[in-house]
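One structure below.
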Amino acid sequence: MDDAARRRQQQPAVGEGSSAKARELDPPLHAIGFEVEELSPSRITGRLLVTPTCCQPFKVLHGGVSALMAESLASMGAHMASGYRRVAGVQLSINHFRSAALGDTVLARAVPVHLGRSTQVWEVKLWKMDPSTGEKGPQIAESRVTLLCNLPLPEEHKNAGDALRKYSKL
């Protein structure tokens, strides 16, 4: 495939939204219904409608889903902030303050705390959206994700950052 054909294939179709971004950027996030909104090396945001797919038996957001969102958003941010070098999460710490029930919308925001040459630390916060105002309501969880960011990028994965480059706001 030549470069022009590859670029056409990578362009989002007209009308594709934040769900299409998630499908291309992080298939596990897309599988649970996460929608990517803002994407840059200094801030990643998105939202998730709490559906039965992402609930534990008591019909509230599963803590593992919160951890998935945290690690995924931090990894995307770290990958961009490192100049699209390979990154790997080495530590995830998450505190859950409140629950989000079936039908709630959860807002997520990831921002860097430390951008070093070999490690990065990202803070990821989750809030329940206030249905009456459409704004963020009570915070439900907070995470810290530490990532190695000086890893070599194998030749077979040299295009790993293409989707992030396509959607990011630099």
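In what follows, every heavy atom counts, from backbone to side chain, and hydrogens, waters and symmetry copies are set aside. Note that the structure is a prediction, hence the values are computed from the model and not measured.
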Compare every heavy atom of Pro112 with every heavy atom of Ser42, then report the nearest pair and how far apart it is. O-CD, 3.3 Å
Please evaluate residues Glu135 and Met129 with respect to the criterion side-chain contact (heavy atoms from CB on, under 4.5 Å), reporting the C-alpha separation (whole Å), side-chain torsions for both, the decisive distance (0.1 Å), and the verdict. CA-CA 6 Å; Glu135 300 295 322; Met129 188 173 87; over 6 Å; no
Does the side-chain contact (heavy atoms from CB on, under 4.5 Å) test come out yes or no for Arg144 and Val113, once each step is laid out? CA-CA 9 Å; Arg144 288 271 172 148; Val113 174; 3.4 Å; yes
Would you mind checking if Arg47 and Glu35 are paired as a salt bridge, meaning a charged N to carboxylate O distance below 4.0 Å? no
Would you check if Arg98 and Lys128 make a side-chain contact, meaning some heavy-atom pair closer than 4.5 Å? no
Value rounded to 0.5 Å, distance of CG in Leu25 from OG in Ser72: 10.5 Å
Atom NZ in Lys21, atom CG in Leu39: separation rounded to 0.5 Å? 6.5 Å
For a side-chain contact (heavy atoms from CB on, under 4.5 Å) check, start with the C-alpha distance between Val50 and Val106, then their side-chain angles and the critical distance, and finish with the verdict. CA-CA 7 Å; Val50 180; Val106 174; 3.8 Å; yes
If I compare all heavy atoms of Leu73 with all of Ala108, which pair ends up nearest, and what's the gap? CD1-CB, 3.7 Å
What one should report as the nearest heavy-atom pair of Ser66 and His96 is CB-CE1, 3.7 Å
Determine the minimum heavy-atom distance between Thr119 and His114, stating which atoms define it. O-CD2, 3.5 Å
Could you go through the side-chain contact (heavy atoms from CB on, under 4.5 Å) check for His79 and Met76 one step at a time? CA-CA 5 Å; His79 186 56; Met76 283 188 262; 5.8 Å; no
Which value, rounded to the nearest 0.5 Å, describes the distance between Leu107 atom CG and Thr45 atom OG1? 9.0 Å
What one should report as the nearest heavy-atom pair of Ser99 and Ile140 is O-CG2, 4.0 Å
Considering all heavy atoms of both residues, which atom of Ala110 and which atom of Val124 are nearest to each other, and what is their separation? CB-CG2, 3.8 Å
CD1 (Ile32) and NE2 (His62) are apart, to the nearest 0.5 Å, by 11.5 Å
Is Arg165 positioned over the aromatic face of Tyr84, cation under 6.0 angstrom from the ring centre and no more than 45 degrees off axis? yes
Going by atom types alone, do Ser118 and Asn150 pair a side-chain donor with an acceptor below 3.5 Å? no
Rounding to 0.5 Å, atoms CG (Leu164) and CE (Met80) come to a distance of 5.0 Å
Can you tell me how far apart OG (Ser75) and CG (Asp26) are? Round to the nearest 0.5 Å. 8.0 Å
Please determine whether residues Val87 and Leu92 belong to a single hydrophobic cluster, defined as Ile, Leu, Val, Met, Phe, Trp and Tyr linked transitively by side-chain heavy-atom distances below 4.5 Å. yes
